[in-house]
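As the structure is a prediction and not an experimental result, all values here were calculated from the model. Index from 1, following the sequence.
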Amino acid sequence: MFDSFDVSSSGMTAQRLRMDIIADNIANVNTTRNAEGETYRRKVPVFQEKDTSSFKKLLKARLGQDSSAEGVEVVSIAEDQSPFKIIYNPSHPDADEEGYVEMPNIDISSEMVDMISASRSYEANITALNTAKNMALKALEIGRG
């Protein structure tokens, strides 16, 4: 029963981080130079299933209580290696000799789609958590008589 709480909470944590990264990308859509003097690159979270070789998992398998779901975790935050957008703006302080400026490789519309997807995934995890919570409460009512 409590495994479903863990799975839902790990999903909510992962989706919240995903939304934070998307917000960071949107905030830096016009950043042509970071602290190192480089153009900002779009960041993308990399998810994977939680460790399936943990002691808890092995013990459950040994006891015949196989739990196939363990949740999700963020492995890393990768940088999107797609090319930068090049615009002509000779008055920009970061323009090259020909007047072209490298802009971040961020597409606002795809970021918005990703944010809606993350929001829906977060809501789905909340729904699953509430359903598991209601099931636990109903199970407690059985014993009241």
Side-chain angles (χ1 to χ4, degrees), residues 1-89 92-96 100-145:
M1 174 65 72
F2 294 108
D3 287 345
S4 62
F5 293 163
D6 292 339
V7 170
S8 294
S9 69
S10 73
M12 287 190 291
T13 301
Q15 295 306 324
R16 190 181 68 90
L17 176 68
R18 185 176 168 205
M19 285 193 274
D20 287 345
I21 291 171
I22 291 168
D24 193 35
N25 287 338
I26 291 172
N28 286 298
V29 72
N30 291 321
T31 303
T32 56
R33 184 176 15 163
N34 61 14
E36 291 84 32
E38 299 170 349
T39 305
Y40 180 85
R41 284 202 174 270
R42 178 177 180 253
K43 295 189 176 27
V44 181
V46 179
F47 299 122
Q48 80 173 18
E49 181 182 3
K50 276 192 173 175
D51 186 15
T52 56
S53 63
S54 67
F55 177 73
K56 180 180 171 185
K57 178 85 174 182
L58 295 173
L59 181 63
K60 281 186 173 184
R62 185 73 173 169
L63 295 174
Q65 301 172 350
D66 187 31
S67 174
S68 59
E70 291 291 325
V72 65
E73 65 184 356
V74 177
V75 177
S76 66
I77 299 172
E79 288 188 343
D80 185 358
Q81 297 300 318
S82 61
F84 293 120
K85 295 177 187 174
I86 306 294
I87 62 165
Y88 181 72
N89 187 359
H92 196 281
D94 292 329
D96 62 7
Y100 290 100
V101 181
E102 283 185 340
M103 298 300 288
N105 54 353
I106 299 169
D107 180 29
I108 290 294
S109 58
S110 65
E111 295 295 325
M112 295 302 288
V113 169
D114 285 350
M115 187 164 39
I116 290 169
S117 171
S119 175
R120 298 283 188 222
S121 296
Y122 191 87
E123 290 172 6
N125 281 301
I126 289 174
T127 301
L129 181 67
N130 284 334
T131 302
K133 183 179 74 177
N134 289 335
M135 288 172 55
L137 289 174
K138 291 291 182 189
L140 289 174
E141 288 178 7
I142 290 173
R144 287 187 183 170

Check: Between Asn105 and Ser82, is there a donor-acceptor pair closer than 3.5 Å when you use the side chain of the first and the backbone of the second?
Finding: yes
Item checked: Asp114 side, atom CG; Ser109 side, atom OG - distance, nearest 0.5 Å -> 10.0 Å
Item checked: Distance, nearest 0.5 Å, that separates CD1 of Ile22 from CE of Met112 -> 9.5 Å
Notebook entry, point to check: How many angstroms lie between CE in Met115 and CG in Asn25, if you round to the nearest 0.5 Å?
Noted result: 10.5 Å
Notebook entry, point to check: Under the 6.0 Å and 45° cation-pi test, does Arg41 pair with Phe84?
Noted result: yes
Next item on the list: Look at the side chain of Ser8 and the backbone N and O of Phe5, then say whether any donor-acceptor pair between them is shorter than 3.5 Å.
Entry: no
Margin query: Do Val29 and Glu111 have side chains that approach each other closer than 4.5 Å (heavy atoms only, starting at C-beta)?
Written below: no
Check: Which pair of heavy atoms, one from Ala118 and one from Met19, lies closest together, and at what distance?
Finding: CB-CG, 3.6 Å
Item checked: Ala27 to Thr31 - nearest heavy-atom pair and separation -> O-OG1, 4.4 Å
Notebook entry, point to check: Can you check side chain to side chain contact (heavy atoms under 4.5 Å, CB included) on Tyr40 and Asp24, steps first, answer last?
Noted result: CA-CA 11 Å; Tyr40 180 85; Asp24 193 35; 3.3 Å; yes
Next item on the list: Look at the side chain of Thr39 and the backbone N and O of Pro104, then say whether any donor-acceptor pair between them is shorter than 3.5 Å.
Entry: no
Check: So, do Ile21 and Val44 sit near enough that their side-chain heavy atoms are less than 4.5 Å apart?
Finding: no
Next item on the list: Give the intermediate values and the outcome of side chain to side chain contact (heavy atoms under 4.5 Å, CB included) for residues Ile87 and His92.
Entry: CA-CA 10 Å; Ile87 62 165; His92 196 281; over 6 Å; no
Next item on the list: Considering non-hydrogen atoms only, spot the tightest contact between Met12 and Asn125 and give its length.
Entry: CG-CB, 3.5 Å
Checklist line | Gap between atom NZ of Lys85 and atom CD1 of Ile106 - 0.5 Å precision | finding: 8.0 Å
Item checked: Rounded distance [0.5 Å steps], CE in Met103 versus CD1 in Ile86 -> 10.0 Å
Notebook entry, point to check: Would you say the side chain of Phe47 lies within less than 4.5 Å of the side chain of Val74, judging by non-hydrogen atoms?
Noted result: yes
Check: Closest approach of Gly71 and Val7, non-hydrogen atoms and distance?
Finding: N-CG2, 3.8 Å
Margin query: Please give me the minimum heavy-atom distance between Ser4 and Ala132, naming the atom from each residue.
Written below: OG-CB, 3.4 Å
Notebook entry, point to check: Once you round to the nearest 0.5 Å, how far does CD of Glu38 lie from CD of Glu79?
Noted result: 8.0 Å
Next item on the list: Applying side-chain contact (heavy atoms from CB on, under 4.5 Å), name anything that partners Ser110, two or more places apart in sequence or on another chain.
Entry: Asp107
Checklist line | Heavy-atom closest contact (Asn89 atom, Ala95 atom, distance) | finding: O-CB, 3.5 Å
